[in-house]
2 protein chains.
Amino acid sequence: MTTNNSLGEAIEVLQQLGLKEYEARCFVGLSRLHTGTAKQLSEMTEVPRTRVYDAVRVLEAQGLVEIQHSSPQQFRAVPLDEATETLRDQYEDRVERLHDALDTVEIVEEDDETPVQQVWAMSGRDTIENRTNQLIDEAAVEIVLVVGDESLLTEALVASLNEVGNGVDLLIGALTESLQEQIQTAVPDATTFISGLEWLHSEDATEDETAIGRLVLIDRSTILVSSLMPDTMEEQAIFGEGFGNGLVVIARRLMAQGLLTARDPKQ
Amino acid sequence: MTTNNSLGEAIEVLQQLGLKEYEARCFVGLSRLHTGTAKQLSEMTEVPRTRVYDAVRVLEAQGLVEIQHSSPQQFRAVPLDEATETLRDQYEDRVERLHDALDTVEIVEEDDETPVQQVWAMSGRDTIENRTNQLIDEAAVEIVLVVGDESLLTEALVASLNEVGNGVDLLIGALTESLQEQIQTAVPDATTFISGLEWLHSEDATEDETAIGRLVLIDRSTILVSSLMPDTMEEQAIFGEGFGNGLVVIARRLMAQGLLTARDPKQ
DNA sequence: CTTTTTGTGATTAAACGAGTTACTTTTCAA
DNA sequence: TTGAAAAGTAACTCGTTTAATCACAAAAAG
């Protein structure tokens, strides 16, 4: 049911932005029509003619189309830039209201016995990248980072890495030589390496296995490990903090084991 | 059914942002809990315990909460700033995709007989304000503007008004003296006035009638008139362009009639 | 004056979301 | 070890929303 062209994309996105199907269809229809009647729209968009009127009215109320009250009435879409700006404003307003509403309250302390062993799961590339960068920003002593895939080396990451204080050790591992070089040039202050990472690879043949995404160890007390789902390439991560955390301890040992051999001989 | 405090607001806004009710409730619940179990959440948010799990999973997938897979599992909300940033990113991405998808296509010329008489309807304060400012920016010769309510004199409007080229006549009318003064100080270059506007007021007594919002006449060829709904204060406008446009002609005459008497004697 | 178009309103059927229940698994205390 | 409570999963019910159709009044067009 995918409409071949990019119009389908537009319809989908509009629905994600909160419009109903008919509304979305009508809007993209109008976007390529300069001006149109209910009939034209109906034919072009597959929206039943009698429902075009409702859809367009909603769109008008949202500031996305204009209506000419003649007979037959004519519709036209607001200029694209104006429309996107309107949507942006709408959303920005909402996010702001949310922020205001929540940062006033926020505090409900209860009888707390925070267990030491904290391991949290996160998913979604953006989420994980945000967290990664934040961790890097907060590092005080040492950052050990292994990047498993080129696509994860984003501008924001590089920026964060280049901003670490100079009291902080910066060790970055890569799975391939080309990636290593890329990193070394992007982040001159870092010590980069490759070997010692064999344990990250799957020993078995079938290559469509879960791949390592990132691996972050901050100040030897906080760790984040992510993997890339083989099919969707969606990223999932676990994230542990606290010195006493078992996961962190294990990771620390593993890294020390795997890295020392690489660190000392190579430079 | 309004939850007294600002938490209700947060829930509402989250739903406007696309979350389901349970998801919204769970998120605000977690926002004030630092960390919580399904049971705690259920009690605090009125979400059935058995449905908390689904809701939280969705939230996790959106990068809004983290899950600790222990037993019982623990949930916590991402820091507020991180959450809002995530939402912002999501939306920005969508709007951008929409923009890309639409500005590639845009053109479907058909056998065109564009009627001369174009009058378009718009609604929503933001929409109308955007259009107003845009019209002002594009004016080449003359701007006649009447502001019917103080709340319409926004920063953006003032900015636009102060940026008009100096070949452009700028006439601004107000319905009250205080508004006039306010405008004159905000926009020094403008010629402001009051009288000659009697025809804008409703002659009848009942004051909860539709009020005039703005009235914009650009280069004597484009007009925008808006009114404020008495109950909701929502703004609605009609917008006509083209020299031959009947509405514009009438408006021009009316304005000339009503304004000249005010313009010449007064300065 | 008839026949299309245009527009409104009501109606049906399917999809979805909120709320509930039954049932399995785990945890914890006797 | 066992029995009860808590945690987690999965299925189902009910009401609302939404896509889609239909019947009909009002307005152009011929």
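Hydrogens, waters and symmetry mates are skipped; everything else that's a heavy atom, side chains included, is used. Note that this is a predicted model, so its numbers are computed, not measured.
Listed by chain and residue number, Glu235(A) satisfy the salt bridge (Lys or Arg N to Asp or Glu O under 4.0 Å) test with Arg214(A) (two or more places apart in sequence, or in another chain). Under the rule for a salt bridge (Lys or Arg N to Asp or Glu O under 4.0 Å), the partners of Glu85(A) that lie at least two apart in sequence or sit in another chain are Arg88(A). Partners of Pro72(A) under the side-chain contact (heavy atoms from CB on, under 4.5 Å) rule, at least two apart in sequence or in another chain, are Thr37(A). For Glu96(B), the salt bridge (Lys or Arg N to Asp or Glu O under 4.0 Å) criterion is met by no residue, not counting sequence neighbours. Tyr91(B) pairs by the ring-ring contact (aromatic ring centres under 6.0 Å, His included) definition with Tyr91(A), not counting sequence neighbours. Residues satisfying the side-chain contact (heavy atoms from CB on, under 4.5 Å) criterion with Ala10(A), sequence neighbours excluded, are Val28(A), Leu98(B), Ala101(B), Leu102(B).
Rounded to whole Å, atom P of dA10(C) lies 17 Å from atom OH of Tyr53(A). Protein atom CD of Gln15(B) is 18 Å distant from nucleotide atom P of dC16(C), rounded to whole Å. Going from atom NZ of Lys20(B) over to atom C1' of dG17(C) covers 8 Å, rounded to whole Å.
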Only distances under 3.5 Å count here; give the side-chain donor-acceptor pairs of residues 15-23 of chain B to other protein atoms, sequence neighbours excluded, each with its distance to 0.1 Å.
| unit_1 | atom_1 | unit_2 | atom_2 | d |
| --- | --- | --- | --- | --- |
| Gln16(B) | OE1 | Arg97(A) | NH2 | 3.4 |
| Glu21(B) | OE2 | Arg25(B) | NH1 | 3.1 |
| Glu23(B) | OE1 | Lys20(B) | N | 3.0 |

Hey, can you pull the donor-acceptor pairs under 3.5 Å for the side chains in residues 42-49 of chain B, sequence neighbours left out?
| unit_1 | atom_1 | unit_2 | atom_2 | d |
| --- | --- | --- | --- | --- |
| Ser42(B) | OG | Val47(B) | O | 2.9 |
| Ser42(B) | OG | Arg49(B) | N | 3.3 |
| Thr45(B) | OG1 | Leu41(B) | O | 2.7 |
| Thr45(B) | OG1 | Val47(B) | N | 3.3 |

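For residues 51-64 of chain B, the set of pairs meeting the salt bridge (Lys or Arg N to Asp or Glu O under 4.0 Å) definition, not counting sequence neighbours, comprises Arg51(B)-Asp54(B).
Residues of residues 54-66 of chain A that place a heavy atom closer than 4.0 Å to DNA chain C, in numerical order, are Arg57(A).
Here chain B contacts DNA chain D (any atom closer than 4.0 Å to a heavy atom, that is under 4.0 Å), and the contacts span dA7(D) to dA11(D) from 5' to 3'.
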**Message:** What does the B/S/- profile of nucleotides 20-30 of chain C look like, 5' to 3', with a 4.0 Å heavy-atom cutoff to protein?
**Reply:** BB----SS---
**Request:** Decide yes or no on side chain to side chain contact (heavy atoms under 4.5 Å, CB included) for Ile67(B) and Gln73(B), but give the supporting numbers first.
**Result:** CA-CA 7 Å; Ile67(B) 301 180; Gln73(B) 41 189 177; 3.7 Å; yes
